[in-house]
Each structure stands twice: as C-alpha cells, then as structure tokens.
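The block underneath contains the structure these notes are about, expressed in structure tokens.
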Number of protein chains: 2
Amino acid sequence: MARNEQSILDAASRVFSTSGVDAPVREVADAAGVGMGTLYRHFPTRSDLMVAVYRHQIDECADAGPQLLESSASPFVALQEWVHKYADFLTTKHGLGNVWQGDAAGLSALHQLFLDRLLPVLAELLEAARTSGEVAADVTPYELLRAVGDLVAWNVNDPNYDVLRIVNLLLAGLRQPPTT
Amino acid sequence: MARNEQSILDAASRVFSTSGVDAPVREVADAAGVGMGTLYRHFPTRSDLMVAVYRHQIDECADAGPQLLESSASPFVALQEWVHKYADFLTTKHGLGNVWQGDAAGLSALHQLFLDRLLPVLAELLEAARTSGEVAADVTPYELLRAVGDLVAWNVNDPNYDVLRIVNLLLAGLRQPPTT
DNA sequence: TGCGTAGCGGAACGACGCTCCGTATTGTTG
DNA sequence: CAACAATACGGAGCGTCGTTCCGCTACGCA
C-alpha cells in the first residue's frame with residue numbers, strides 16, 4: 001500500500017523530469033509498474049500527483065524567504081534573490097505554467113499549494129522592501145507571484161527569450177512609483 | 001464554397017466570444033451548420049481558424065503602432081499605449097495565451113501571425129523610445145512582446161490580478177538600465 | 001478450508017483535434 | 001436532356017488525454 005505510493009512517487013518524478021511535466025498519467029503508472037486504478041486511489045487527480053512530487057521543492061523555496069531576508073544586503077536584494085529562486089524552480093519544470101491558469105486543467109491542488117506556501121513568503125519580502133523604501137510600486141504579492149509565474153512558466157528553452165532578463169525588468173519596475 | 005467559409009467564420013467568432021477561445025472545433029462546425037470535413041477543408045487546423053477570425057484585429061493593432069508614434073507626446077508614451085492596446089486585445093480573448101506556448105497545441109499559424117505582424121511594430125516603437133533616451137533596459141522586441149503576452153494572456157477576470165498594473169510595472173522597468 | 005474484504009489492474013468512457021471515405025451536388029459534355 | 005466526371009460535403013472514426021469503474025486476486029481470520 002504505502003509501498004506502492006512510494007514507487008508511484010519515484011516513477012512520477014523520474015517521468016516528469018525526463019518526459020516533461022505534461023507526461024501522460026499512464027506513463028507514470030507504467031513506469032511504476034502499477035495499474036491506473038492503483039495510481040488514482042493514491043492520487044485522485046493529476047494535480048495531486050504533482051503536488052506530492054513537488055511539495056518538497058516548494059517548501060524549500062518557501063523556507064528560503066526569511067533566510068534571504070536576514071542574510072541579504074537589503075530587503076530588495078532578498079526579494080530579488082527569492083524571485084530568482086522561484087523563477088528557477090518554475091523554469092526547470094517546463095509546462096508548470098498551467099498552475100496559474102486558474103480553474104482549468106485540474107491543477108487546482110497545485111495552485112492551492114503555491115498560494116498557501118509561497119504567497120505569505122513573498123508578501124513578507126515585498127512588505128520589507130516597501131518599508132525600506134526600495135519598492136514604490138503598487139502591487140499585491142499575489143499579482144507579483146502570478147506575474148513572475150506567467151513570465152517564466154512557458155519558457156521552452158527559447159534562446160531568444162532570456163527569462164532572467166525579463167524577470168529583472170519586472171523587478172526594476174517595482175522601484176518606481178505607480179504611473180497613471 | 002465561399003458561402004460556407006463565411007458562415008464558418010461567422011460561427012467561429014460567435015462561438016469563440018461566447019464559449020471562449022478554447023471552444024471545441026466541433027462546436028464551431030455545429031454552429032455553422034456544417035460538417036467537420038467542410039470546416040477542416042477550409043481551415044486545416046484549429047490555428048488557421050483562429051488566424052482567420054483574429055487577423056483583422058491583429059492588423060488593426062499593428063497599424064496603430066506607427067500612428068501612435070506620430071500622435072503621442074513621446075516615443076515612450078506611444079510604446080506604452082501600443083502595449084496597452086495589445087494587452088487589451090489579448091485580455092478580451094481569454095485563453096489566447098497558448099500562442100506563446102511554442103510548438104504545442106497546434107497554434108503555430110497564429111504564433112507566426114503575431115511574429116509577422118506585431119513584432120516589427122513593437123521593434124520600431126522600442127527602438128524609437130530607446131533613441132529618445134526613455135528606454136535604458138536591455139530587452140529585445142521579441143522578449144517584450146512575449147512577456148506582455150504571457151503576463152496578460154491567462155487572465156481569467158481575476159479581481160485580484162490587475163493586468164494593466166502589472167503591464168505598467170514591466171514598462172516602468174524599461175526605463176532603468178540593466179542590473180547584473 | 002472456506003469466505004469476506006481490501007487492494008489491484010486495466011478496459012472503458014467522454015472530450016479533444018484531426019482524418020477519411022461514402023454520398024450528394026454541382027457542372028460539363030455528347 | 002441525360003450521362004458522367006469533378007468537386008463539395010457530412011459525420012463516423014482514430015489516437016490521445018484524464019478519469020472512472022468493475023471484476024478479480026490475495027490475504028486475514030474463523
């Protein structure tokens with residue numbers, strides 16, 4: 001029982017990293033040597049499977065927030081570095097962009113996880129950078145989290161699209177007061 | 001023949017605007033009172049159908065570029081207003097974000113149309129704003145076009161996500177020199 | 001040894017984009 | 001005006017998804 005759950009998890013992270021995050025559920029089941037029924041009893045939805053696979057990395061990313069806030073030269077630098085970390089995570093999982101697609105695609109569980117774990121962290125970083133006077137723009141943490149996600153998530157290793165550069169562009173915008 | 005093509009086009013724009021851009025092709029065929037075969041002979045791909053439906057609006061958007069450059073107070077303002085126009089277009093077509101998803105989803109024709117028509121326009125606007133000294137950041141027109149697209153395209157009328165604000169954030173970033 | 005139940009596999013379902021082929025509808029000839 | 005191409009058409013069918021469902025296996029306890 002738990003034996004199967006673990007082998008499914010192992011298979012899933014193996015399959016997701018080789019065939020991409022969009023790999024068919026069947027492929028994961030096959031790789032785990034398990035039937036569809038078994039897989040779906042443990043993970044009722046594709047999204048639940050992804051949550052299980054990525055939870056650890058998301059936690060790691062979340063934990064890095066307060067840490068960076070302490071160790072960095074300024075709140076803004078911390079914010080910047082955290083966003084880079086977050087962007088890196090999403091970039092390596094091509095196709096994880098669906099997370100922000102709202103109701104669609106049955107990724108609600110993963111969506112929720114992002115909101116629960118990452119939103120508070122970003123909120124804290126943003127607030128700190130705002131009180132230190134380094135951020136003047138008028139944005140909510142949610143908007144920023146989603147914006148960076150959108151910017152990054154569909155990156156398909158396009159040599160003409162430098163993700164880091166674009167993300168930094170957005171961050172640079174934070175320094176300036178809102179335009180009408 | 002051409003009679004059918006027109007009714008398919010009409011049906012498509014009707015269906016896309018009511019059921020969303022992701023509406024099944026079958027639905028368009030039914031709405032047009034036409035079989036799948038007929039639809040696919042005129043528009044061999046979902047993407048071709050969308051190209052046909054949106055070409056006019058895309059052309060309009062493209063034509064607005066040089067126009068804005070003349071009439072606006074400064075190149076940067078023109079750039080800003082054009083980007084707003086572009087963003088508005090994408091926003092009203094929920095789900096058109098797939099366009100930037102690269103190879104996927106068989107949207108290549110639409111992708112190409114964006115590149116052909118909009119990229120040169122944005123390039124001109126960006127170049128003008130750069131020579132006027134209002135843009136210091138190091139971005140290619142392609143990156144900017146895609147970034148704005150990504151930012152906007154999955155908007156699902158989320159009251160917590162103000163598209164215009166986010167786009168302006170990115171534009172504000174353009175003013176500043178690149179950070180390392 | 002028998003039986004109840006929990007855990008399992010994989011066929012099957014509905015939705016999708018797209019293809020294919022038999023049929024209707026033209027329009028051109030003798 | 002009739003016979004016959006050539007063209008246009010409709011919709012069933014295919015392969016791929018995510019997900020569901022059901023018959024079967026294998027184990028625990030009497």
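Values reported hereafter were calculated over all heavy atoms of this structure, with side chains retained and with hydrogens, waters and symmetry mates removed. Below, read A as the first sequence line, B as the second, and so on, with proteins coming before strands; counting in each chain starts at 1.
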Handout entry: Any Thr38(A) side-chain N or O less than 4.0 Å from OP1/OP2 of dG7(C)
Key = no
Handout entry: Nucleotide dT19(C), atom P - distance to CG of Leu39(B) in whole Å
Key = 12 Å
Problem - Phosphate-side-chain proximity, Asn4(B) and dA8(D), N/O vs OP1/OP2 below 4.0 Å - result: no
Problem - side chain to side chain donor-acceptor pair (under 3.5 Å) involving Ser17(B) - partner list, sequence neighbours excluded - result: none
Problem - Arg41(B) vs dC9(D): side-chain N/O to OP1/OP2 distance below 4.0 Å - result: yes
Completion exercise
Comparing Tyr40(A) with Gly35(B), nearest DNA chain D nucleotide closer to 5' gives the residue Gly35(B)
Handout entry: Pairing residues for Thr38(A) by the side chain to side chain donor-acceptor pair (under 3.5 Å) criterion, not counting sequence neighbours
Key = none
Practice task
Rounded off to whole Å, could you give me the CZ-to-P distance for the Arg46(A) and dT20(D) pair?
Solution key: 14 Å
Practice task
Estimate the overall bend of the helix from dT1(C)-dA30(D) to dG30(C)-dC1(D) from the end axes over five pairs each, rounded to 10 degrees.
Solution key: 40°
Practice task
Check whether any side-chain N or O of His42(B) sits under 4.0 Å from OP1 or OP2 of dC9(D), and answer yes or no.
Solution key: yes
Fill in the blank from the handout: Taken in chain and number order and not counting sequence neighbours, the residues that satisfy salt bridge (charged side-chain N to carboxylate O under 4.0 Å, His left out) with Asp116(B) are none
Practice task
Write down the distance between CZ (Arg3(A)) and P (dC8(C)), rounded to a whole number of angstrom.
Solution key: 12 Å
Exercise for the section: Using side chain to side chain contact (heavy atoms under 4.5 Å, CB included) as the criterion, list what pairs up with Ala137(A), not counting sequence neighbours. Expected result: Val139(A), Leu174(A), Leu169(B)
Identify every side-chain donor-acceptor pair in residues 57-70 of chain B under 3.5 Å, counting partners at least two apart or on other chains, and give the distances.
from	atom 1	to	atom 2	distance (Å)
Gln57(B)	OE1	Lys93(B)	NZ	3.3
Asp59(B)	OD1	Arg117(B)	NE	2.6
Asp59(B)	OD1	Arg117(B)	NH2	3.0

Exercise for the section: Go through the structure and list residues passing salt bridge (charged side-chain N to carboxylate O under 4.0 Å, His left out) with Asp162(A), not counting sequence neighbours. Expected result: Arg165(A)
Handout entry: Distance-only polar pair, side chains of His42(B) and Asp48(B), donor-acceptor under 3.5 Å
Key = no
Protein N or O to nucleotides 11-13 of chain C N or O, pairs below 3.5 Å:
from	atom 1	to	atom 2	distance (Å)
dA12(C)	N6	Arg26(A)	NH1	3.2

Practice task
Would you mind telling me which of dC17(D), dG17(C), dG9(C) lies closest to the side-chain atoms of Val25(B)?
Solution key: dG17(C)
Practice task
Would you please name every residue forming a salt bridge (charged side-chain N to carboxylate O under 4.0 Å, His left out) with Asp158(B), sequence neighbours left out?
Solution key: Arg146(A)
Handout entry: pair Tyr86(A)-Val152(A): side-chain heavy atoms closer than 4.5 Å
Key = no
